[in-house]
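Computed over heavy atoms, backbone and side chain alike; hydrogens, waters and symmetry mates excluded.
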Amino acid sequence: MRAVVVLFDSLNRRFLPPYGADWVHAPNFARLARRTVRFDNCYAGSMPCMPARRELHTARPNFMHRSWGPLEPFDDSVPEMLSGAGVYTHLVTDHPHYWEDGGATYHNRFDTYEFFRGQEGDAWKGHVADPAVPDSSRRVRHGLWRQDLVNRQYLQDEADHPQTRTVDAGLEFMATNREADSWMVQIECFDPHEPYFSHREYRRHYPSLDASGSQDNDWPDYKRVDEPPEAVERTRDEYAALLSMCDASLGRILDRFDDEGLWEDTLLMVCTDHGFLLGEHGWWGKNAQPWYDETIHTPLFLWDPVSGRSDESRDQLVQTIDLGPTLLDLFGVAPTERMQGRSVLPVIRTAAAGHDTALFGSFGGHVNVTDGRYVYMRAASGPDNAPLHEHTLMPTHMNSRFTPDELEGAELVPPFRFTRGVPLLRVRGTAFSDASSFGTVLFDLESDPEQEHPVLDDDLELRMIGLLLDAMRANEAPLSQYARLGLPETGAADHAHLLARTQHDRYLAALEPLPMADEFPTDRAGVRTAIAELLALPETRAVLVDAVGPVVERLATQTGSSTLLDLAPFTPALAATRLRAIDAQLAAAVLPATEEPTPESTETAGAGHR
């Protein structure tokens, strides 16, 4: 028996023809659906990229305990377990996060691996001089963006594209080992993750990409949508064009299965880590907003050569944590007692049941549960999103080590059952997302598949809280998570634990369109005043720190924002109502620069002026 796992990054199921996207040119995904079983109720779990890959190895959620980070010393690893059982494992990938600090222990679990450079801001080609800067709609022009401009100079031909080279390598492994048995190859493509860098052959299917004089729209910022409709359409088409390129790569793999009769004895799994928001819900990207259906409800296709089932679908609830155990099951390797996922092969072969619930989320964000119909997104009970702790023995972030300041208060705490008797460092954590600004929300996917109408039903929320508590306890969630979410560590929840109704206004405010710039004057301190100027005065600095937090200066630098109004699209903390309130507070904090002080105004200006 052999297995081929094709893993795409950021594959939005709603852009795939087998899931209803008839406008996207992806004939090979349609061809794939005819040869496999399509899963209609598959959910991701720990978000985003590397936490999802940790689930692929460990078959258990990790976002309650840890942010983005490497495999831990106590973690199970499916590829390593397969290798130990005599199954040869090989990884081919252009996913740059594997060679960063936060991903450095994953690829070494395979017997062999090949990397292909140049995706996103991969620190690949070294140019001291800055590259030519195109006319681009992107506002966050950080080092990754600059490096990508450098890398693209070496990727002019499709044959040089990292995606092409990755699939080439996967096909080479399959050809080299055609006569061998007991192997698994993971062909892992970073695409269609942003930036959406594709070639003419795929762009020609989308008319907006032929528009002359248009800005580059191939790398959306993670923020609210404030672009004109034609720019939104163009970005969605850029994504679709790259997806069409992924489709062509998939077609090459399907051709190999056809040409060499691999359908007889080789499993094929095509999956993703998560999706991506492309203007839905008024947002681009992921992480900043809740994990809506477009980002967390994922495509999954599986060919099982034992059952031979094809051109069928399954609606059982399955998750990313099930993919590793499926491979173990194929090769007759028992899962460990620490794994919470289970093989989906019985779902295909005997219509076995799936999960009753699926737990998903990102570290410090909403903690979510679904039963396949209802989705409950639980935010922190308080505005400080605390307490929040990392539990790790591998203190690295995505592309950096934990700083001495972060580790200064680290404590060695007792083990969880899944850490195999190993104690852990507990370190104060910070969240990338801002769940508090959105609040707790509940959706009914049966009546509201677009998640546009939150449900306010206390009894239903209480039932979903019960499902959430069951999932958290099964995962051994740290006690700090119960405190952060305002949930009981033991026992049942009651009506005192309900939040959806009390935080409903928060959710509505987060979705309200931002006000136009001309609503705010420029002749006084306000949201159109330069952030640097506001930080220079103690009175207005206090208002900024209270509104956005002490990271306001860093956020402004990262996003290239000169004013709070510029910064507002990037953070849900600056919703329309909040912006107006902050503007009034800034105006009250100091006198307008053009106004001569009077005894009365001096009195009202406050002690900061005296």
Side-chain angles (χ1 to χ4, degrees), residues 3-45 52 56 186-189 192 240 243-244 246-258 262-263 266-276 293-327 329-330 341-355 358 360 370-373 445-446 449:
V4 176
V5 177
V6 182
L7 172 60
F8 294 104
D9 196 298
S10 304
L11 189 60
N12 186 328
R13 73 195 290 272
R14 297 187 180 208
F15 276 66
L16 296 178
Y19 291 99
D22 56 4
W23 64 276
V24 176
H25 181 78
N28 290 300
F29 274 100
R31 176 184 168 195
L32 173 71
R34 293 192 296 269
R35 291 304 310 252
T36 63
V37 172
R38 185 193 73 226
F39 285 79
D40 292 338
N41 222 5
C42 180
Y43 279 78
L56 289 172
Q186 182 166 310
I187 304 173
E188 181 174 345
C189 298
L243 194 153
S244 295
C246 294
D247 179 82
S249 293
L250 174 64
R252 297 168 62 202
I253 298 169
L254 297 180
D255 288 345
R256 180 63 59 84
F257 267 72
D258 288 343
L262 298 180
W263 302 107
T266 305
L267 177 142
L268 176 62
M269 179 188 295
V270 179
C271 56
T272 190
D273 51 357
H274 52 70
F276 196 84
D293 198 72
E294 293 84 353
T295 52
I296 204 70
H297 192 175
T298 55
L300 175 63
F301 303 89
L302 192 62
W303 163 253
D304 168 29
V306 174
S307 68
R309 300 279 188 177
S310 64
D311 201 16
E312 297 181 4
S313 64
R314 298 288 185 273
D315 62 3
Q316 286 93 329
L317 186 59
V318 300
Q319 277 199 279
T320 302
I321 57 173
D322 300 323
L323 303 185
T326 299
L327 294 172
D329 187 11
L330 179 75
R342 57 195 189 213
S343 172
V344 303
L345 293 180
V347 175
I348 293 176
R349 296 172 182 174
T350 65
H355 294 286
F360 61 90
T370 182
D371 61 1
R373 174 178 177 178
L445 294 179
E446 184 175 288

Has the side chain of [X] got a donor or acceptor atom that lies under 3.5 Å from a matching backbone atom of [Y]?
| X | Y | result |
| --- | --- | --- |
| Q316 | A352 | yes |
| H297 | D40 | yes |
| R314 | V347 | yes |
| R349 | D304 | no |
| T272 | F8 | yes |
| T298 | H274 | no |
| W303 | W263 | yes |

Original post:
For the ring pair W23 and F15, is the centre-to-centre distance below 6.0 Å?
Top reply: yes

Separation of [Y] [atom2] from [X] [atom1] (nearest 0.5 Å):
| X | Y | atom1 | atom2 | result |
| --- | --- | --- | --- | --- |
| D22 | L16 | CG | CG | 12.5 Å |
| S307 | E312 | OG | CD | 8.0 Å |
| F301 | R35 | CZ | CZ | 14.5 Å |
| L32 | L268 | CG | CG | 6.0 Å |
| L300 | S313 | CG | OG | 12.0 Å |
| D255 | L262 | CG | CG | 11.5 Å |

Do the non-hydrogen side-chain atoms of [X] and [Y] ever get within less than 4.5 Å of each other?
| X | Y | result |
| --- | --- | --- |
| M269 | L323 | yes |
| L345 | L267 | yes |
| L7 | C189 | no |
| D322 | H355 | yes |
| I348 | F39 | yes |

**OP:** Show your reasoning for whether side chain to side chain contact (heavy atoms under 4.5 Å, CB included) applies to T36 and L302.
**Re:** CA-CA 5 Å; T36 63; L302 192 62; 5.7 Å; no

**OP:** Could you walk me through whether L250 and V270 pass the side chain to side chain contact (heavy atoms under 4.5 Å, CB included) test, one step at a time?
**Re:** CA-CA 9 Å; L250 174 64; V270 179; 4.1 Å; yes

Original post:
Between R342 and D329, does at least one N-O distance fall below 4.0 Å, as a salt bridge requires?
Top reply: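 Salt bridge: no.
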
Original post:
Given T320 and D273, is the side chain to side chain contact (heavy atoms under 4.5 Å, CB included) satisfied, shown in steps?
Top reply: CA-CA 8 Å; T320 302; D273 51 357; over 6 Å; no

Original post:
Shortest non-hydrogen contact from Q319 to A44?
Top reply: NE2-O, 2.9 Å

Subject >> Contact summary for S10 and P192, nearest pair of heavy atoms >> reply: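 Taking every non-hydrogen atom into account, O-CG, 3.6 Å.
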
Original post:
Does the pair V5 and I187 meet the rule for a side chain to side chain contact (heavy atoms under 4.5 Å, CB included), with working shown?
Top reply: CA-CA 6 Å; V5 177; I187 304 173; over 6 Å; no

**OP:** For the residue pair F360 and Y43, categorise the inter-ring angle as parallel (less than 30°), tilted (30 to 60°) or perpendicular (more than 60°).
**Re:** parallel

Subject >> Side chains of D247 and N28, donor plus acceptor under 3.5 Å >> reply: yes

Subject >> Face-on cation placement of R38 at Y19 ring, 6.0 Å and 45° thresholds >> reply: yes

